[in-house]
Asks: 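My questions will all concern the structure given below.
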Amino acid sequence: MTKEENEFITKLAEENNERLTQMAFRYTGNIDLAEDLVQETFLTACCKIATISDHENLKGWLRKTLWNLATREMSKAYHGEVPLDVDYIEGSSGIDLPMEFYLPKGLGDKEREIILMRIDKEMSYAEIAEAKGMKEEACRQQLSRAIRRCRELMEKAENETPV
Amino acid sequence: MIKDMGSGKTNRPGQNTFDIKTLEAKTNTELLEAIDEMLARPVEEVDADFVDACLDILQVRVPVAEDFDPQASWERFREEHSALFEIEEEPPVKVAPSKHRRAVPLLRYAGVFVAAMLCLVVTANAFGYNPIQAFMKWVNDTIQIYSNPSGMMELPPDSPSEYHSMREALESCGVDSADQITWIPEDYSISNVRVSLIDGITKVTAIYEAERGELTTRILAMKDTEWNGIEESDLDEIKYEHNEAVYYITSNFGAMKAVWKDEKYSYMISGQVSENEMRKILDSIT
Amino acid sequence: MKKRVISFLLAVVTVLGVSGLASAVETRASENLESYYVGISAKGNKKMAVSVSIDGVGEQDKIGIQEIEIEHKTSPEANWAYYDSLYGSADPDFYAYKARSYENVVYFDGVPGEIYRVTLTAYAKKGSKSDTGEVTSGSATCK
């Protein structure tokens, strides 16, 4: 890369990195994946620097490239463990504790939040997506990851419990 | 860009107009759908300011990635791809000599060369050796006409295998309208053809072998079934169009891969071939 | 509330017990799995057929179905709900050994008029390395 191209791409990143990452997060629900996709976008820009440096709609090109990567990623993403709909048992007895009490320690705030939204508040994925300002598919992925994390922590606790 | 502060409208020559107040009245889901709709357009029609306005409204309402450090992220990117950012030295600008100056040395060199060749031929002939004849022989021996033969795609008739070729296997299943490749790299030879027919599933797989590895071709159909599939890949697909068909070239763990589908079948080719070879395989499809 | 929470946690623990920890699902390439396809069709007389095709990267020590999760809904407008799961650990026909690929059709009984879809968890193992991948079919109405 020449010095001018170096400066060009650095300036492009300074002006767009944060907003692109926010956009990618709304599609994936995962900050690491969002960062990967944005970096892949800039990598594409570096490889095509000769053609994009005088592009008439460079900002549009950046956003569209990221969007292509994000939507392709989401369409390829595994469905993972589709969260099981809970079979509610009719009637209740005893003292009710908040659901949060039962979730294992070690879950992150966002993981707790989405589990509570889906299981405790019985929100639909559309409602969760609206509340979190994310794509519905990203919410499904985020919940699936949170439940998987929940299982890992519960199994770890089970293994560590003295007999 | 001209911004009308009163109405909140944003105007860019050649770009769409949008009203901030209208965007602010949308729900979060509607804003995301509006972003999708905008970015689905061809790049020359994308209004980046519209996309950014939607993202900014969403960020005020439901902030995300607040802990993200763009500076640190960029540093990581530069470290990971440091080779890309090495400053190339600008090649020295060559000043082309004027035409007049260029012509004189060229003529001089040509003259010297012809004189030298003449001396060589005369001298060689004096010793009983014809250099011109020798040169022509070298041309014939050394330059080979490129014929691009295919590898072996059919097992010998006396092979104990039930099917001797992909073509024979497809015909036996009543699959005569599927795409068929007619060329594979020369070093590959067919080793196995397998057919699986189970209650609506038709799957024909051929394996070709070479010293460098394996090449697999597969045709799959699930009759009267609502089906979906995943082809593992580790690269973004390259769309390749040939003869009005669209193929997707990618790779999976070091093996080149091409996938495509038509109304009835899903196709896959995967193996140790280069991208160029994969294109040639796809070009051979009848 | 307490019973609802216990039901959720029980569901989590049950799946843990039967199928073990899921492998990471965010890798984009697989050393073991080449491709996997799943389809669903209504065969009549309440019978639903799930067609499965799995290809490994070369020969695998073990390849096949780890789980088929079945969802249903009562009408096109309704939400999908969990119906049943079929596990590889419970059916020896769900796996092939020392094989490059696996194909099978699995059947289950549905309720006529209801709509079904399935999610396949494909599995392949060679040596100490294994991998899973998930794909969801289209939908079909039981008849």
Side-chain angles (χ1 to χ4, degrees), chain A residues 1-6 9-10 13-14 16-27 29 31 34-35 38-40 42-44 46-47 49 55-73 75-78 110 126-127 129-136 138, chain B residues 12 14-15 27-33 35-36 38-52 54-78 80-81 83-91 228 230-233 236-237:
Chain A
M1 215 184 272
T2 64
K3 188 163 169 261
E4 286 73 26
E5 286 169 344
N6 220 316
I9 204 83
T10 302
E14 277 168 12
N16 294 276
N17 202 350
E18 191 170 8
R19 197 181 259 129
L20 288 179
T21 306
Q22 288 164 5
M23 176 177 144
F25 185 91
R26 294 191 191 281
Y27 279 81
I31 189 62
E35 189 181 355
V38 171
Q39 291 202 351
E40 211 171 318
F42 282 117
L43 187 60
T44 307
C46 288
C47 294
I49 198 157
H55 200 289
E56 59 175 16
N57 188 10
L58 181 54
K59 276 175 63 177
W61 181 90
L62 268 180
R63 281 139 185 77
K64 188 168 170 75
T65 301
L66 174 62
W67 180 80
N68 283 337
L69 289 171
T71 48
R72 194 180 303 157
E73 180 67 28
S75 71
K76 275 188 196 170
Y78 300 155
K110 295 235 181 284
E127 287 168 337
E130 174 62 30
K132 289 171 96 38
M134 281 173 17
K135 299 289 284 180
E136 200 175 306
Chain B
R12 176 193 290 255
Q15 292 284 1
T27 65
N28 295 340
T29 304
E30 285 168 347
L31 285 170
L32 287 167
E33 282 168 359
I35 291 173
D36 277 341
M38 178 58 72
L39 292 173
R41 299 179 188 188
V43 67
E44 54 273 8
E45 293 174 27
V46 167
D47 185 346
D49 290 336
F50 174 89
V51 172
D52 288 352
C54 293
L55 289 171
D56 289 345
I57 294 168
L58 283 165
Q59 191 65 13
V60 166
R61 290 181 192 171
V62 191
V64 296
E66 290 169 290
D67 297 333
F68 176 69
D69 181 347
Q71 181 68 24
S73 175
W74 185 244
E75 286 309 312
R76 280 194 292 276
F77 178 78
R78 286 186 69 106
E80 215 169 300
H81 303 282
L84 268 178
F85 290 92
E86 282 170 7
I87 306 283
E88 293 165 5
E89 281 182 14
E90 296 279 359
N228 272 327
I230 299 270
E231 295 282 351
E232 291 284 355
S233 70
D236 289 338
E237 305 149 343

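Lettering of chains follows the sequences in order, A, B, ..., and the numbering in each one begins at 1. All values below come from the heavy atoms of this structure, side chains included, with hydrogens, waters and symmetry mates left out.
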Asks: As an exercise: rank B:Glu66, B:Gln59, B:Glu33 by heavy-atom pairs under 4.5 Å with chain A and give me the winner.
Replies: B:Gln59
Asks: Given heavy-atom pairs under 4.5 angstrom as the criterion, report whether the side chain, backbone, both or neither of A:Arg26 touches chain B.
Replies: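 It is the side chain, since no backbone atom gets that close.
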Asks: A:Ala131 versus chain B, heavy atoms under 4.5 Å apart: side chain, backbone, both or neither?
Replies: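 Looking at A:Ala131, just its backbone touches chain B.
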Asks: Counting heavy-atom pairs under 4.5 Å with chain B, which one of A:Thr10, A:Asn17, A:Leu62, A:Asn68 comes out on top?
Replies: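 Looking at each option in turn, the highest pair count goes to A:Asn17.
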Asks: Backbone N or O of A:Lys59 within a donor-acceptor pair of the A:Asn16 side chain at under 3.5 Å?
Replies: no
Asks: Under a 4.5 Å heavy-atom cut-off, does chain B meet the side chain of A:Leu20, its backbone, both or neither?
Replies: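 Interface part for A:Leu20: neither.
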Asks: Identify which of B:Leu58, B:Asp52, B:Thr27 forms the greatest number of heavy-atom pairs closer than 4.5 Å to chain A.
Replies: B:Asp52
Asks: Go through the atoms of A:Tyr27 and report whether side chain, backbone, both or neither lie under 4.5 Å from a heavy atom of chain B.
Replies: side chain
Asks: Shorter than 4.5 Å, heavy atoms on both sides: which option in A:Met23, A:Lys64, A:Glu130 has the most such pairs with chain B?
Replies: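 Max contact count across the listed options: A:Glu130.
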Asks: For A:Gly29, does its backbone N or O pair with a side-chain atom of A:Lys135 as donor and acceptor, under 3.5 Å?
Replies: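 No, the answer is negative, given that no donor and acceptor are paired below the 3.5 Å cut-off.
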Asks: Using non-hydrogen atoms and a 4.5 Å limit, figure out which bit of A:Thr65 sits close to chain B: side chain, backbone, both or neither.
Replies: neither
Asks: Could you look at B:Val51 and say if it's the side chain, the backbone, both or neither that has a heavy atom under 4.5 Å from chain A?
Replies: side chain
Asks: What is the distance from atom CZ of B:Phe50 to atom SG of B:Cys54, rounded to the nearest 0.5 Å?
Replies: 4.0 Å
Asks: Once you measure the plane-to-plane angle for A:Trp61 and A:His55, does it fall in the parallel (<30°), tilted (30-60°) or perpendicular (>60°) bin?
Replies: tilted
Asks: Would the distance check show the side chain of A:Glu5 and the main-chain N or O of A:Thr2 forming a donor-acceptor pair, the cut-off being under 3.5 Å?
Replies: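 Yes, the answer is positive, given that a donor and an acceptor are paired below the 3.5 Å cut-off.
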Asks: Begin from the C-alpha positions of B:Ser73 and A:Thr21 and carry the test side chain to side chain contact (heavy atoms under 4.5 Å, CB included) through to its verdict.
Replies: CA-CA 10 Å; B:Ser73 175; A:Thr21 306; 5.8 Å; no
Asks: Just by distance, do the side chain of A:Asn57 and the backbone of B:Val43 share a donor-acceptor pair under 3.5 Å?
Replies: yes
Asks: Looking at chain B, which one of A:Glu18, A:Glu136, A:Gln39 has the largest number of heavy-atom pairs inside 4.5 Å, strictly under?
Replies: A:Gln39
Asks: Chain A heavy atoms under 4.5 Å from B:Asp67: which part of the residue, side chain, backbone, both or neither?
Replies: neither
Asks: Heavy-atom distance under 4.5 Å to chain A: side chain of B:Phe68, backbone, both or neither?
Replies: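 Just the side chain, heavy atoms under 4.5 Å.
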Asks: Picking from B:Asp36, B:Leu32, B:Thr29, B:Ile35, which has the most non-hydrogen pairs under 4.5 angstrom with chain A?
Replies: B:Asp36
Asks: Measure distances from A:Leu43 to the heavy atoms of chain B and classify the residue's part below 4.5 Å as side chain, backbone, both or neither.
Replies: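 A:Leu43 touches chain B through backbone and side-chain heavy atoms alike.
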Asks: Partners of A:Thr44 by side-chain hydrogen bond (donor to acceptor under 3.5 Å, both in side chains), sequence neighbours excluded?
Replies: none
Asks: Counting heavy-atom pairs under 4.5 Å with chain A, which one of B:Leu39, B:Leu31, B:Asp56, B:Val62 comes out on top?
Replies: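 With the most close heavy-atom pairs to chain A, the winner is B:Leu39.
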Asks: Give me each pair satisfying salt bridge (Lys or Arg N to Asp or Glu O under 4.0 Å) with a member in residues 68-78 of chain B, each pair once, sequence neighbours excluded.
Replies: A:Glu35-B:Arg76
Asks: Show your reasoning for whether side chain to side chain contact (heavy atoms under 4.5 Å, CB included) applies to A:Glu14 and B:Trp74.
Replies: CA-CA 8 Å; A:Glu14 277 168 12; B:Trp74 185 244; over 6 Å; no
